[in-house]
Amino acid sequence: MLRVASWNVNSLNVRLPQVLEWAEQQCPDLLALQETKLADERFPSQRLAEAGWQEVHAGQKTYNGVAILARGEAHDIVTDLPGLEDPQRRVLAATYGDLRLVNLYVPNGSEVGSEKFDYKLRWLEALNDFLGEELARHEQVVVVGDFNIAPAAADVHDPEAWEGRVLFSETERAAFQRLLDLGLADTFRLFDQPEGVYSWWDYRMNLFRRGMGLRIDHILASPALAKVCTRSTVDPEPRGWERPSDHAPAVADFDLPASTEAAGGT
DNA sequence: ATGGTGGATGCTCCA
């Protein structure tokens with residue numbers, strides 16, 4: 001079994017103890033992090049190594065930043081979307097054994113119609129092309145991260161209030177659907193799920209306590225992996241911890257052949 | 001239309 005997890009930590013500097021605690025509890029084999037908000041040279045490699053983790057990081061001071069923690073070595077690392085000039089560190093793809101992992105921090109988009117929204121759409125276009133190439137090259141592809149898109153009404157606590165707004169606009173949902181059209185499956189929706197499962201709750205107005213969130217963090221899988229996915233959930237627990245990230249981790253399990261497990265699985 | 005909160009930075013931006 002191989003467990004893949006994804007967590008927007010909103011500053012790894014602040015959240016490192018929580019990351020170590022949660023990883024010890026849940027034992028992911030691959031843990032993708034977003035919004036590390038750290039330059040590469042400030043990445044806490046030592047403390048992570050003490051806990052048995054190797055990392056790759058596409059770091060940036062103050063904003064963005066994506067990392068992957070693993071037990072084994074990363075190969076063929078990519079940190080940019082081909083064809084998109086972008087200083088923002090939002091992409092990190094790496095290969096572990098036979099498994100290609102793509103870690104994303106999709107732009108938030110600010111407001112529908114804004115300049116940042118246009119950037120989000122252009123970014124998603126470039127992502128679509130990139131993932132098409134990745135899927136052509138690799139059989140086992142997992143695409144994880146903070147997509148900043150709630151795919152469907154079931155992923156939004158109040159879909160009527162959110163309709164047309166950033167994170168849940170028609171345009172963004174269509175862009176998300178185009179990713180699925182490449183052949184990727186939203187692993188969460190491969191299973192019966194309870195209602196009201198979300199991965200992000202605004203810090204303001206006690207929205208977590210009131211159960212008012214959105215499911216915008218996803219684990220997508222190529223056909224070969226979707227076939228062997230045995231579980232996909234969001235763990236809301238760390239969102240209730242003291243001084244939490246505004247996101248909860250998404251987790252998926254895959255029944256994989258031994259060749260991949262040799263690369264760091266359990 | 002604004003505010004509510006949190007993180008990093010430094011008298012503000014981003015989410």
Could you measure between the two [atom1] atoms, the one in [N] and the one in [M], and give it in whole Å?
N     : M      : atom1 : value
B:dT9 : B:dA15 : C1'   : 15 Å
B:dG3 : B:dT12 : P     : 15 Å
B:dG6 : B:dC11 : P     : 23 Å
B:dA8 : B:dT2  : C1'   : 24 Å
B:dT5 : B:dA1  : P     : 22 Å

Exercise for the section: Looking only at non-hydrogen atoms, find the nearest pair between A:Trp22 and A:Pro238 and report the distance. Expected result: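 A:Trp22 and A:Pro238 have their closest heavy atoms at CD1-CG, 3.6 Å.
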Exercise for the section: Determine the minimum heavy-atom distance between A:Leu214 and A:Ala150, stating which atoms define it. Expected result: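 Heavy atoms only, the tightest pair is CD2-CB, 4.2 Å.
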Completion exercise
By nearest-nucleotide position on DNA chain B, the 5'-leaning member of A:Lys37 and A:His247 is A:Lys37
Exercise for the section: Please figure out whether A:Asp146 or A:Arg15 has its closest DNA chain B nucleotide nearer the 5' end. Expected result: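 Nearer the 5' end of the strand: A:Arg15.
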Checking contacts here: which listed nucleotide ([options]) is nearest the side-chain heavy atoms of [X]?
X        : options               : result
A:Thr62  : B:dG7, B:dT9, B:dC14  : B:dT9
A:Arg204 : B:dG7, B:dC14, B:dG4  : B:dG4
A:Val14  : B:dG4, B:dC14, B:dG7  : B:dG7
A:Glu35  : B:dC13, B:dA15, B:dA8 : B:dA15
A:Met205 : B:dA15, B:dG4, B:dG7  : B:dG4
A:Tyr105 : B:dG4, B:dT5, B:dA15  : B:dA15

What is the distance, rounded to the nearest whole Å, between atom [atom1] of [X] and atom [atom2] of [N]?
X        : N      : atom1 : atom2 : result
A:Glu111 : B:dA15 : CD    : P     : 12 Å
A:Trp201 : B:dA15 : CH2   : P     : 20 Å
A:Asn64  : B:dG7  : CG    : C1'   : 13 Å
A:Arg42  : B:dA8  : CZ    : P     : 9 Å
A:Asn10  : B:dG6  : CG    : P     : 11 Å
A:Asn8   : B:dA8  : CG    : P     : 12 Å
A:Asn148 : B:dA15 : CG    : C1'   : 8 Å
A:Tyr203 : B:dG6  : OH    : P     : 8 Å

Problem - Carboxylate-amine/guanidinium contact A:Arg189 A:Asp155, below 4.0 Å - result: yes
Problem - Pair A:Asp86 + A:Arg122, salt bridge at N-O below 4.0 Å - result: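 No, A:Asp86 and A:Arg122 are not salt-bridged.
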Problem - Phosphate OP1/OP2 of B:dA8: any A:Lys61 side-chain N/O under 4.0 Å - result: no
Problem - cation_pi(A:Arg173, A:Phe168) dist<6.0 Å, angle<=45 - result: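 Because its charged atom sits under 6.0 Å from the ring centre and within 45° of the axis, A:Arg173 does stack over A:Phe168.
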Handout entry: Touch class at under 4.0 angstrom, heavy-atom based, for A:Asp246 against every strand present
Key = nothing
Practice task
Quick one: label A:Arg90 by what it contacts on the DNA or RNA (base, sugar-phosphate, nothing), any heavy atom closer than 4.0 Å.
Solution key: sugar-phosphate
Practice task
Measure the acute angle between the ring planes of A:Trp7 and A:Trp241, then classify it against the limits of 30° and 60° as parallel, tilted or perpendicular.
Solution key: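 Answer is perpendicular, since the angle exceeds 60°.
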